[in-house]
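Below, chain A is the first sequence line, B the second, and so on; all start at residue 1.
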Amino acid sequence: MSNENPIVLGGLVPGIPHPLLCPNKNAGWLALNNGFARARQAIIDSGADLLLLYSTMWPSVIGHQIQARPEPEWVHVDELFHGLGSIPYKFRIDAPFGEKFAKAAQARGLQARTVDYHGFPIDTGSVVALKLLNPDNRIPASIVSSNVYSDRAETLVLAKAARDAMEGRKVAVFNVMTLSNRLFTDWIHPDQDRIHSAKDEEWNQKLLQFLGEGRLEDVAQLSRTIQSSIRVHKVVNFKPMWFLSAVMGQDNNYAGTVHAYAPLYGTGAAVVTLVPGNGAVGLKEFDEDDVEVFSGDREVVANSAHAPLAPPAAETAPPAPAKAAPAPVASTGNVTVNTAKAPDPVGAYPHARRQGDLLFLSGVGPRQPGTNAIPGGPIRDSEGAALDYDIEAQTQAVIDNIRVILEASGSSLDKVIDVQAFLVDMDRDFKGYNKVYAATFEPIQATRTTIAIRALPTPIAVEFKVIAKA
Amino acid sequence: MPIIAGALAPHPPHLVYAENPPQNEPKAECGWETLRWGYERMRKDILALEPDAIVVLSPHWQTYIGTHFLAVPQLKSRSVDPVFPNLFRYNYEMQVDVDLARELESAAKDAGLVTALMENPDFRVDYGTIVSCHLLNPAWDIPIVGMSSCRNSAFYSIEVMQEQALALGKATREVLQASKKRVVLVSSNSLSHRHFVRESDIPEDMSKEHIMHHGQYLWDMRMIELMKQGKSREIVDMMPEFTTQAISETDAGAMTWMLSAMDFPTQPAEVYAYGSVIGTGNAVVSWLEPESKRKPLKEFADSLQWEQLGQKIKEGTQGGKFLEGLRNLVDSGGESTRSESRTESKKTPRTDNLPEGIKELFDKGLDKSLVKPVKAALRAGVPEKMLLAAIKRIPERDHSTARVAEVIELTVEAWQEYKA
């Protein structure tokens with residue numbers, strides 16, 4: 001693949017239809033319409049030969065879907081704002097790019113497919129964006145869905161697959177999204193439109209400040225916070241900024257322009273463009289793993305707080321079966337837990353496993369996630385020669401890793417019931433280990449056993465095995 | 001009783017795909033037979049009640065501002081499932097009972113709910129409505145009232161959804177209690193609703209089909225057991241917890257609305273089928289008009305005021321032996337048989353869904369214009385054997401279409417007098 005950046009422009013636009021269908025009814029809606037016009041000019045100025053949309057208003061369940069009908073044609077009506085009128089359209093879609101994108105996604109381990117069907121319901125957001133950003137089909141477009149269950153890893157990999165497919169192209173990529181997404185739940189007069197709450201407004205302003213400064217990756221890294229703070233939870237997580245940042249190169253070096261920002265039926269609607277550049281705020285600062293290939297079965301139910309619990313016992317027992325049968329065993333979520341925030345296992349085992357109300361953690365050492373660095377230093381070098389090391393630092397790192405795994409499992413340190421500690425040099429290390437242990441565990445009062453062993457699989461001096469309440 | 005039945009009618013497009021109806025473009029080899037055969041049985045039971053309208057609330061018409069009602073008399077388009085377009089590309093044509101839709105919308109608004117009428121003729125009906133309605137009535141010859149799902153569970157909480165759906169159900173009930181229309185209510189949703197995120201190469205490969213999670217299965221069984229016990233109120237009470245724990249599609253409010261509109265039926269529901277579709281749990285269930293509200297013929301015989309009824313019918317038939325025939329008929333007891341499902345358009349009067357004896361009369365030349373009054377009489381509850389006997393006893397010399405119509409009318413009157 002060429003090293004030249006295929007992305008010549010990025011941005012975000014809202015998908016709610018008022019700026020298209022009735023811009024003159026509200027000054028903010030008109031400002032958004034004008035913002036679309038400026039974004040349209042920015043696309044022209046960028047020299048883009050493809051417009052890629054990631055639409056948060058096109059949900060998918062089976063992986064991601066990519067539009068690949070060369071000239072989809074329909075008269076669209078929004079399911080909510082149908083009273084605003086119909087939107088006839090005929091778009092120019094880059095079907096070969098869609099196919100290439102889907103194949104690239106599959107090559108990176110994702111489920112993806114193209115859709116090429118007459119009458120496929122292109123979502124309102126994509127229709128609005130294409131009508132306003134590319135009204136005369138000047139350049140071909142591509143649209144990709146947003147999977148309702150996908151989280152950061154899949155979204156990043158999807159973006160990288162899009163980039164794989166862009167070789168030799170000049171691409172303008174836009175998210176179809178709002179910032180805060182809480183609509184009014186009653187009909188309002190256009191004059192009454194405002195951001196739904198002061199809290200949403202404050203968050204929107206902060207995001208616009210970041211975007212105006214070109215700090216796209218910073219916004220991406222705030223995605224989980226944004227989801228919990230200003231998003232109505234229609235999907236598992238807020239993911240468009242993960243996509244946009246990853247497809248554009250995961251950094252903060254953009255010239256950002258906020259062309260318009262206005263309330264749109266209570267939501268925070270913005271038209272923003274980002275031109276790749278140098279010398280802006282700074283480079284990326286990952287707080288989570290970068291991901292190139294998607295390799296895991298998501299098992300969203302099993303690994304999340306959404307894991308269904310068994311129903312409570314029936315008040316009235318159902319009739320007994322003719323033959324005695326074992327009573328159904330209540331499922332309390334017998335599942336495994338792995339987290340990228342803890343060091344990779346050195347064998348075929350998960351970080352933790354839940355059985356009933358208990359969590360069983362695999363042995364946890366002090367290695368750091370991602371780097372495998374050992375706080376306090378390794379106990380021997382690569383030749384096997386002994387090194388001095390800091391048992392207190394290693395012990396603290398073990399406890400920190402345990403905390404991360406417990407929290408990823410929905411538990412916490414204060415729920416630890418039993419600890420088995422393994423030391424490779426009891427005489428040298430017990431005192432330091434015991435001191436650090438007490439600082440955390442004294443108030444918890446977990447039972448504990450400390451065992452001297454000959455060696456651990458990596459050059460570390462201490463490892464804990466923990467049982468906790470789930 | 002204007003609400004003649006409620007139906008839990010889930011809408012996986014896979015079921016239509018596997019059935020291979022002419023309206024759907026993709027073709028399947030097989031699939032999800034347990035659910036489809038269950039649907040066939042429910043369809044037969046519900047269509048036999050000769051509904052005047054089907055009112056359906058679908059989770060896939062998602063409105064974030066209130067509940068919306070389809071209000072365009074005829075809607076014709078192509079429904080393509082946005083999630084499974086490989087399985088569902090369906091050409092539909094439906095009649096909408098706009099008068100009823102307006103009444104329901106108005107009542108909901110009066111009850112303090114946020115509402116809207118959908119009057120845009122270009123509107124495409126959501127695939128949930130299309131799938132449920134196809135599976136209930138593939139002939140599409142009964143008008144529909146389509147209702148949207150107000151997404152309170154997303155914007156506020158499941159408890160708010162419950163309150164809104166209960167109020168919507170009450171408003172629906174009040175409209176239908178005052179209506180002469182015989183209406184079927186449809187809650188178009190799965191129970192547990194967690195999908196697999198990958199699809200088999202052959203979507204109808206049943207070796208790949210199973211429930212997503214055992215906990216969801218247990219929850220589904222709990223709810224179905226309550227349905228079978230007629231414990232609607234318990235179902236509604238448990239709905240928030242069920243919806244959360246089983247990630248159920250009841251978050252749309254459809255089932256709460258339906259049970260509320262039916263005033264929380266206490267008769268055991270008829271469970272026709274349960275099965276998974278791409279990991280989700282689906283039950284096909286009906287709440288038919290309870291048997292307790294139907295007057296058994298034996299009771300009819302015991303309480304009948306023979307002379308009064310007989311005189312009425314004698315006047316109509318001018319036959320001397322009718323009363324005796326009627327007594328024999330009633331003494332023999334017998335249930336009214338249900339008509340077969342509809343497969344043709346209403347444009348030409350259909351007789352194939354009439355009870356056999358009456359159908360025979362039409363086959364032998366009885367004027368087809370009488371189909372409508374005959375069906376009306378059956379809908380009014382006149383036992384078919386009574387109706388048949390009344391028509392057969394009209395003397396040859398007096399056997400005009402007008403006379404038969406008159407006899408049918410008199411028979412209905414006699415029946416209603418008895419019931420009163």
Whatever's closer than 4.5 Å to a heavy atom in chain A on B:Ser148 counts as neither

- request: Count the heavy atoms belonging to other residues, nucleotides or ligands that lie under 6.0 Å from NZ of B:Lys228, then report whether that count exceeds 12.
  value: no

message = Using only atom types and a distance under 3.5 Å, with no angle test, would you say the side chain of B:Asp122 pairs donor to acceptor with the backbone of A:Val75?
response = no

When rounded to the nearest 0.5 Å, the distance separating CZ of B:Phe196 from CD1 of A:Ile62 is 9.5 Å

Honestly, the part of B:Gln62 sitting under 4.5 Å from a heavy atom of chain A is both

- prompt: So with a 6.0 Å cut-off around NZ of B:Lys27, is the heavy-atom count from everything else above 12?
  reply: yes

| query | Is the backbone of A:His118 close enough, under 3.5 Å, to the side chain of B:Arg89 for a donor and an acceptor to pair up by distance? | reply | no

Here the gap from A:His82 atom NE2 to B:Glu119 atom CD, rounded to the nearest 0.5 Å, amounts to 9.0 Å

Applying a strict 4.5 Å limit to non-hydrogen atoms, the region of B:His68 in contact with chain A is side chain

So CG of A:Leu110 and CZ of B:Arg198: to nearest 0.5 Å the spacing works out to 7.5 Å

Heavy atoms of A:Phe184 and B:Ile65 approach each other most closely as O-CG1, 3.3 Å

Cut-off 4.5 Å, heavy atoms of chain A, and the answer for B:Leu226 is neither

* **Over-ring placement of A:Arg182 relative to B:Tyr64, 6.0 Å and 45° cut-offs** => no

CZ of B:Arg78 to CH2 of A:Trp74, rounded to nearest 0.5 Å, is 7.0 Å

The interface call for B:Tyr127 against chain A, heavy-atom contacts under 4.5 Å, is neither

Side-chain (A:Gln65) to main-chain (B:Pro82) donor-acceptor, under 3.5 angstrom:
yes

B:Tyr217, OH atom: more than 12 neighbouring heavy atoms under 6.0 Å:
no

Separation between CZ (A:Phe81) and CG (B:Asn120), nearest 0.5 Å, reads 14.5 Å

Bottom line for A:Tyr265: the part with an atom under 4.5 Å from chain B's heavy atoms is side chain

When the 4.5 angstrom heavy-atom criterion is applied to A:Asp78 and chain B, the contacting part is backbone

query: Taking the side chain from A:Trp187 and the backbone from B:Thr115, do they hold a donor-acceptor pair closer than 3.5 Å?
result: yes

Check ion pair A:Arg113-B:Glu199 (N to O, under 4.0 angstrom)
yes

Turns out that what part of B:Asn152 lies under 4.5 Å from chain A's heavy atoms comes down to neither

